[in-house]
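The next block holds one structure in the form of structure tokens; read it before the comments.
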2 protein chains.
Amino acid sequence: MQPNVYEANCPSRQLLDRIGDTWSVLVVVTLAEGIHRYTELAKRIEGVSPKMLTQTLRGLERDGLITRTVHPVVPPRVDYALTELGHSLYALVEGLEKWAETHIEDVQAARAAYDATVQAYSAK
Amino acid sequence: MQPNVYEANCPSRQLLDRIGDTWSVLVVVTLAEGIHRYTELAKRIEGVSPKMLTQTLRGLERDGLITRTVHPVVPPRVDYALTELGHSLYALVEGLEKWAETHIEDVQAARAAYDATVQAYSAK
DNA sequence: CCGTATCCTACGGGATACTG
DNA sequence: CAGTATCCCGTAGGATACGG
């Protein structure tokens, strides 16, 4: 018997929520390259608002996927880094990238075929 | 160099959108068990509205992940099944489930620790 | 520099009623 | 049975201004 993915609070679903969150994934990918400061992340991840960046970072920190280190200096300096758990999650994301690269052409071909068919029907 | 996940239209991002879509994942998981009719899916996937179910099915069909077979009988009968591509995607989802099961305890422990800390601060 | 606080809008998606 | 069509609402999240 499978884990019950039909229930919203099962582990798989919680993971899916994370993976499905674009900003979370982007942060993880960026931090996989190494430690980054808040502003570096903001600059690197184009289009993210301070609100969403903070929210995302807090969520990842809460889940034990990243660490947040405050250096008590002026001006303030805050470093974010992937934990071991975070790295293992990143491995998953790499797996997704691999799949996407391998199969994206099939998907695009399918879309083209599908759209052509639909258009054929609506055109007649 | 990594694929540029920072661009919204890169393959990885398109896959992420699918994986992040709860209904799509549930449909794929359900169809992994075998062919299902529309109503069967609706019943199996609790809480899904006809609108979302149809929308999800169309999207998956367009991407070549499932097939839709209409039997010209009365009353109508429509079968949905996973394609080969769909099965390979399901393999990915199984990988996610595996990760979730393996690491969920770490995540929950991290959350508990984080919440305890936050509460300690706001309580003082 | 590293965030919070506030406002505001678009739109995802639920509920429902209806049709071929 | 297998969907469409319509209405409607909550809320995710963008923009912005400000604070420690």
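Each chain gets a letter, A, B and so on, in the order the sequences are listed, and its residues count up from 1.
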So which one's nearest nucleotide on DNA chain D is more toward 5', B:Lys51 or B:Glu40?
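Whichever sits nearer the 5' end wins; that is B:Glu40.
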
Most 5' of A:Gln55 and A:Pro76 on DNA chain D, judged by nearest nucleotide:
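Its nucleotide being nearer the 5' end, the pick is A:Gln55.
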
How long is the gap from OH on A:Tyr80 to NE2 on A:His36, to the nearest 0.5 Å?
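Result: 13.5 Å between the selected atoms.
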
B:Ser49 side chain: which of D:dT4, C:dG14, C:dG3 is closest?
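Nearest to the side-chain atoms of B:Ser49, counting from C-beta on, is C:dG14.
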
With the threshold set at 4.0 Å, does a side-chain nitrogen-carboxylate oxygen contact exist between A:Arg13 and B:Glu97?
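Answer for the salt bridge query: no.
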
Please report, rounded to the nearest Å, how far the [atom2] atom of [N] is from the [atom1] atom of [X].
{"X": "B:His36", "N": "D:dA2", "atom1": "NE2", "atom2": "C1'", "answer": "16 Å"}
{"X": "A:Arg68", "N": "C:dC1", "atom1": "CZ", "atom2": "P", "answer": "16 Å"}
{"X": "B:Leu41", "N": "D:dG3", "atom1": "CG", "atom2": "C1'", "answer": "13 Å"}
{"X": "B:Arg77", "N": "D:dA2", "atom1": "CZ", "atom2": "P", "answer": "8 Å"}
{"X": "B:Leu53", "N": "C:dA15", "atom1": "CG", "atom2": "C1'", "answer": "15 Å"}

Is the shortest side-chain N/O distance from B:Arg37 to OP1 or OP2 of D:dC1 below 4.0 Å?
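Checking D:dC1 against B:Arg37, no side-chain N or O comes under 4.0 Å of OP1 or OP2.
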
Quick check: on DNA chain C, is the nucleotide nearest B:Asp21 upstream (toward 5') of the one nearest A:Val78, or the reverse? Name the residue that is more 5'.
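Here A:Val78 is the residue nearer the 5' end.
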
Between A:Pro50 and B:Met52, name the one whose nearest nucleotide on DNA chain C is closer to the 5' end.
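First, find each residue's nearest nucleotide; the 5'-ward one identifies A:Pro50.
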
By side chain to side chain contact (heavy atoms under 4.5 Å, CB included) - contacts of B:Thr83 (at least two apart):
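In terms of side chain to side chain contact (heavy atoms under 4.5 Å, CB included), with neighbours along the sequence ignored, B:Thr83 is linked to B:Thr67, B:Leu85.
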
Pairing residues for A:Ala109 by the side chain to side chain contact (heavy atoms under 4.5 Å, CB included) criterion, not counting sequence neighbours
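With neighbours one apart ignored, the set is empty.
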
